[in-house]
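Everything on this sheet refers to the single structure shown next.
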Amino acid sequence: MIDGAVRSEAEFPALQHLLGLEGLTRGEISSILDLSTRMKEIGERPLKKVPSLRGKTVCTLFVEASTRTRTSFEVAAKRLSADTMSLTASASSLTKGETLLDTAKNLEAMGPDIIILRHSAAGAPHFLARHVRAAVVNAGDGRHEHPTQGLLDLFTIRERLGRLEGLEVAIVGDVANSRVARSNIFALRTMGAKVRLSGPATMMPPGLEALGVTPCRRIEEAIDGADVVMMLRIQKERMGSDLFPSDREYFRCFGLTRERLKRARPHVLVMHPGPINRGVEITPDVADGPESVILEQVTNGVAVRMAVLYVLAHRQGRAS
Amino acid sequence: MIDGAVRSEAEFPALQHLLGLEGLTRGEISSILDLSTRMKEIGERPLKKVPSLRGKTVCTLFVEASTRTRTSFEVAAKRLSADTMSLTASASSLTKGETLLDTAKNLEAMGPDIIILRHSAAGAPHFLARHVRAAVVNAGDGRHEHPTQGLLDLFTIRERLGRLEGLEVAIVGDVANSRVARSNIFALRTMGAKVRLSGPATMMPPGLEALGVTPCRRIEEAIDGADVVMMLRIQKERMGSDLFPSDREYFRCFGLTRERLKRARPHVLVMHPGPINRGVEITPDVADGPESVILEQVTNGVAVRMAVLYVLAHRQGRAS
Amino acid sequence: MIDGAVRSEAEFPALQHLLGLEGLTRGEISSILDLSTRMKEIGERPLKKVPSLRGKTVCTLFVEASTRTRTSFEVAAKRLSADTMSLTASASSLTKGETLLDTAKNLEAMGPDIIILRHSAAGAPHFLARHVRAAVVNAGDGRHEHPTQGLLDLFTIRERLGRLEGLEVAIVGDVANSRVARSNIFALRTMGAKVRLSGPATMMPPGLEALGVTPCRRIEEAIDGADVVMMLRIQKERMGSDLFPSDREYFRCFGLTRERLKRARPHVLVMHPGPINRGVEITPDVADGPESVILEQVTNGVAVRMAVLYVLAHRQGRAS
């Protein structure tokens, strides 16, 4: 039983939804990471299943396609014995807030306990959370946040390096458009890590200093002495436009090579949210090298999502 | 356990399939509605799951798309612990009866206990039922019937108003093309309700009097003193053609407004099978108003479908 | 419990993957067929479910579409109480080996116990098996093998005729492009059956004699005295090209008619992997006639796939 394996309910954060990592306290983040450790142990057993969410219904509503993230959530839900429903919708049919509301209200009427929403519009999960009784998990909303990605990144760092406090984390790439970067920045700062950002000038948002992070013009500056180098995914379809350089130009300026990685600490972790564009953001030898924890991030994603689903299913004394 | 919570098997209707509501007796309909009440209670528990259909396989075969109806059936099946399979097929690949038969025979060979079929051709579920051993549920066949929609509508009315006998029910819209209207008409008449129909002349089928219903030229006549106003969904893609007026014209003549609704009884229920075209069939303030039970219909749909699956899984002493 | 119903683990073949039937020993094939018999019994119970693979995750990764085969595997997995995940991918996104590897590595990181791969490239499952810890089942790879189809065909023959040794099996059609034919040839030869092949000259691969099979120019020669006539599916989209005759021409030369079937033994079995092109490969009266075991093949497919999943889940003492 997970209930025996994990800590008592009283110690969990009193989350009603998981909409973003901005505003979560250090204690709340630590609790989820601690619970994720227990969840990861379940995933290493021969029988990777506990009855914790039996009789609960977890619904994924992905208005923006992502097989990987959806599958990760579904595996997490099934390991907890929840029933899963998977709804997809074309963005076009849900562009109006009213229609998202109608969809959500109808979904709600079927009684799901947790709704996991991915949507191209920033704020869509917050809108949903105001209108449904179910717990809402943001699985990525526009350029805003992707909180479970941020949590799995923190979990991976903490598991490998033993702490988050005081670490130097370099985030490199299309920062301005990255919800992964935003979620990581909020949570890393809360946990006491230092964050440096680097990317093409057109991909760096204004006002970074206000977030407590350090912009670096060159990738080398960001990597110098870093404990973690987190590469962001480039949307290849944007390449060659006015704001984006070509593949080759991007790689030349901001690609992670073994040579550049030498500037980091010996124990450096190389991270990437996937899927990788090999030879654009990162060379294959670094992506597959000893510093890379990219596949561990995927494994940890299931554990962290189990923890999030567990916490939300047990909110308000509504749990089994 | 549902088996303890519901009535004994002997009291259930001896249905082999649910192909339509035409021909069901008052006793059979009442039994399903009674069982639905027990099923709805399960959906209100923290653990919304009973083992009644454990080891049974429920297969949805949707040749015509409908995420909402399919999801409702799947949620119902999972709450009863059935395994679910979901098959979709393009209408084009199944236009010939022979090919539907081949598909069905192959599906049958995998041993499903219940097949839920939606098909654009009236009579397709009846054809299927003659050729497979599995129980068949009609989830909508062309312009013919949509029996679980009819049952959930009756359930919603009975739950809210306490009875069906003697009620005045107005059905408004594209009656000629509506399988929802047909299933409701058959069942409401069987249960002793009175039915009035209203819609554009081109959307009213001939021979309505033979069904024991009252056609009304104007929506106001249909609503006058009604206990229930059931709005039908308009296929917007048909709008503007020879048979259909424009959106605006339709709304002007047959849209449900608060002003028009005043003609009904004070306790009137406003119903719609969804999804709503706001501002065409119904104004937003009415759709979201106190008379509206539109979202309750969705909730009740799961309960009614649980009841139907339960009855069919237990036919012929084949149950657990 | 299946574990009580079937034989002890020590008697199962020590398969790590099921990539093809080429190279399997007679003992290994017999063991899987014996286990399939027990699995078929489970499918005939009112409660068609055993807990053998509870807590195991079975993932289907179909890069080439096949609803039928995928559904058969999913039903098999669910009858054993495994959790199932279904991933589809467009062939275009997985044309490069590197990308299939990235997909597989990411999938692997979520911890599936068994990956079932269908891919248009021969050898893709073997490539996958070298790079993941999960057991891999080949659900069809290009023109190479389709081992579970071969096993279900052998199971069907053995169940009906009591043996495989010494039987005369005619395989008719597009042999050169058929992975079904290849898997059957390997396994039938291993089990001591004699195989005759017939088809248009452009559809007969060179070097057949080396496989120990007998090519026949005319279908009549192949059928003469046969115990089994196995018709292959014709890809209708290839018809009329340089290598393929027209539908009518194909049927005239190689279609299975009642007249032609008279040349076979009285107890002959007519088989087809489905879906059938009626009137091209086979006449409807033969497809639906007393000799046809085409739907039994579908039923047996679930049983054989249960056996394969069971064996692979219990490899290396990793089982429950």
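In what follows, chains are A, B, ... by sequence order, proteins preceding strands, each numbered from 1. These numbers were taken from a predicted model, which means no experiment stands behind them.
By number of non-hydrogen pairs under 4.5 angstrom with chain A, the leading residue of B:Arg79, B:Lys49, B:Gln297 is B:Lys49.
With respect to B:Arg278 and B:Asp288, a salt bridge is recorded, a charged nitrogen being found less than 4.0 Å from a carboxylate O. Salt-bridge check for A:Arg38 with A:Glu44: failed, with every basic side-chain N at 4.0 Å or more from each acidic carboxylate O. A salt bridge between A:Asp83 and A:Lys78 is absent, with no side-chain N of the basic residue lying under 4.0 Å from a carboxylate O of the acidic one. Comment: A:Asp141 does not engage A:Arg182 in a salt bridge, judged by the lack of any side-chain N to carboxylate O separation of less than 4.0 angstrom.
With sequence neighbours left out, the salt bridge (Lys or Arg N to Asp or Glu O under 4.0 Å) criterion links B:Arg68 to no other residue. Taking the salt bridge (Lys or Arg N to Asp or Glu O under 4.0 Å) definition, one finds that B:Glu296 meets it with B:Arg160, sequence neighbours left out.
No hydrogens or angles considered: nothing links the side chains of B:Glu64 and B:His119 as a donor-acceptor pair under 3.5 Å. A donor and an acceptor atom, one from each side chain of B:His146 and B:Arg118, are located under 3.5 Å apart.
Below 4.5 Å, heavy atoms of chain A meet heavy atoms from B:Val298, B:Thr299, B:Val302, all part of residues 298-307 of chain B. Inspection of non-hydrogen atoms places B:Thr71, B:Ser72, B:Val75 of residues 69-76 of chain B under 4.5 Å from chain A.
Put simply, the side chain of B:Glu159 never gets that close to the backbone of B:Thr156: no donor and acceptor are under 3.5 Å apart.
Neither the backbone nor the side chain of B:Thr84 comes within less than 4.5 Å of any heavy atom of chain A.
Nearest heavy-atom pair across A:Leu107 and A:Pro112 is O-CD, 3.1 Å.
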